[in-house]
Chemist: 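Dropping the structure in here first, questions after.
Proteins come first, then strands; the chains are lettered A, B, ... in the order of their sequence lines, and each starts at number 1.
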Protein chains: 2
Amino acid sequence: MEDGTFASPGYCGDTAADEAVQQWDTRNDCEVRQILDRIADKWSLLVIALLDQRSLRFTELRRRIDGISQRMLARTLRHLERDGLVSRTVHPTVPPRVDYALTPMGATLHETIRSLVAWTEEHQNAIAAARAAYDARVQGEKEAAEREAAERDSIAREALTALR
Amino acid sequence: MEDGTFASPGYCGDTAADEAVQQWDTRNDCEVRQILDRIADKWSLLVIALLDQRSLRFTELRRRIDGISQRMLARTLRHLERDGLVSRTVHPTVPPRVDYALTPMGATLHETIRSLVAWTEEHQNAIAAARAAYDARVQGEKEAAEREAAERDSIAREALTALR
DNA sequence: CGGTATCCCCTAAGATACTG
DNA sequence: CAGTATCTTAGGGGATACCG
């Protein structure tokens, strides 16, 4: 309804605060959404973090990232390369050797990511507590509901026997 | 049934720089990974961004977030509530009214997220350029490979006719 | 070594319908 | 209005096999 008149694909202008929020995340043709998805990616973050230390070859990455498949590592690296976050250098030797490194832009992204990780580390205790509290509350409510149901049930039974 | 976070002793200490990287992302019983996943979530970010302005009711959120299903909004809100990022207030009126708001912790998260969004906005042009360059290069290489293949093919044909 | 191609499974998200 | 329950499907991701 309200967003019907916004046809220019790719353009992601921010004007009013309320409008801006709508734009930078709703439309997936918006760059922001795509980059966020890359960051959100299960493996991308880890690759970026590892490459921040030093450049690594394909197999080195594979060994360091426990549980990643060849396919996913290759995919992830190609995505990162395409976005200009990681550079790929082929050494025409035998056996072949390919080095991956963070580009300057990739490095700045890692800086930004760090602040996010820092946030999670600062708040992980609070979050764990919140979860525990929530689970306890939900559990309590469920039990209360069950008790109530049991009570209604017994009342119904009583009524039935009374009628008999 | 939802995913129960069974508390395996996922101690997530950081010692050496190299070790630390491995830990905070490889093991999914590690808190950081889970919180990152929440942040990365397609809808969570948008909900947080919208609630930062003011508290909203369920339907208000649904209307503002174009394309979200009832189910996903409910799920997202439950998760955020469980993590202590969003508060849920039920007004026992008729019709029922439920308000969602950012908790203080949720607000600080939004601050952190902002820096990420800022980064994407700063670099979206560079990324678009990198993608265009990559695609062009790949396209060029593919065409070159095809030309080469065609050439080899014609040479093979020539050799065949020479033998005849 | 450093990939790509193929198959296949399983989950997460969408659509739909129903309830307090 | 504010959800939950149920069904169904697309695609993310693993395993495997094969090329340069």
Chemist: Is a salt bridge present between A/Arg63 and A/Glu60, judged by a nitrogen-to-oxygen distance below 4.0 Å?
Modeler: no
Chemist: Once you round it to whole Å, what is the distance between P of C/dT16 and CD1 of B/Ile68?
Modeler: 17 Å
Chemist: Of all the nucleotides listed (C/dA13, C/dA17, C/dT4), which has the minimum atom distance to the side chain of A/Gln70?
Modeler: C/dT4
Chemist: Tell me whether the side-chain N/O atoms of A/Tyr100 come closer than 4.0 Å to OP1 or OP2 in C/dG3.
Modeler: yes
Chemist: Looking for any heavy atom pair under 4.0 Å, which part of the strands does B/Arg97 touch: base, sugar-phosphate only, or nothing?
Modeler: sugar-phosphate
Chemist: Closest to the B/Arg71 side chain: D/dA2, C/dA15, C/dT4?
Modeler: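 Within the option list, the nearest is C/dA15.
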Chemist: OP1 or OP2 of D/dA2 versus the side-chain N and O atoms of B/Thr59: is any pair under 4.0 Å?
Modeler: yes
Chemist: What's the closest nucleotide to the B/Pro95 side chain, out of D/dG12, D/dC1, C/dT4?
Modeler: D/dC1
Chemist: Check the distance between D/dG13's P and A/Trp43's CH2 and give it to me in whole angstrom.
Modeler: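 Result: 9 Å.
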Chemist: What are the two closest heavy atoms between A/Val47 and A/Leu77, and how far apart are they?
Modeler: CG1-CD2, 3.9 Å
Chemist: Quick check on DNA chain D: between A/Pro96 and B/Val98, whose nearest nucleotide comes earlier from the 5' end?
Modeler: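 It is B/Val98 whose nearest nucleotide is closer to the 5' end.
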Chemist: When all nucleic acid strands are considered with a 4.0 Å heavy-atom cut-off, which category describes B/Arg57: base, sugar-phosphate, or nothing?
Modeler: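 It contacts sugar-phosphate atoms only.
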Chemist: So that I can tick it off, tell me whether A/Asp41 and A/Arg75 are bridged by a salt bridge, with the cut-off set at under 4.0 angstrom between side-chain N and carboxylate O.
Modeler: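 No.
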Chemist: Provide, to the nearest angstrom, the distance between the CG atom belonging to B/Leu77 and the C1' atom belonging to D/dC1.
Modeler: 14 Å
Chemist: Nearest-Å distance, CG (A/Asp99) to P (C/dC1)?
Modeler: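 In whole Å, C/dC1 P lies 14 Å from A/Asp99 CG.
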Chemist: Are any of A/Arg88's side-chain N or O atoms less than 4.0 Å away from OP1 or OP2 of C/dG2?
Modeler: no
Chemist: Got a salt bridge between A/Arg78 and A/Glu81, using NZ or NE/NH1/NH2 to carboxylate O under 4.0 Å?
Modeler: no
Chemist: Looking at D/dA2, I'd like to know if its phosphate oxygens (OP1 or OP2) sit under 4.0 Å from a side-chain N or O belonging to B/Arg62.
Modeler: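 No, outside the criterion.
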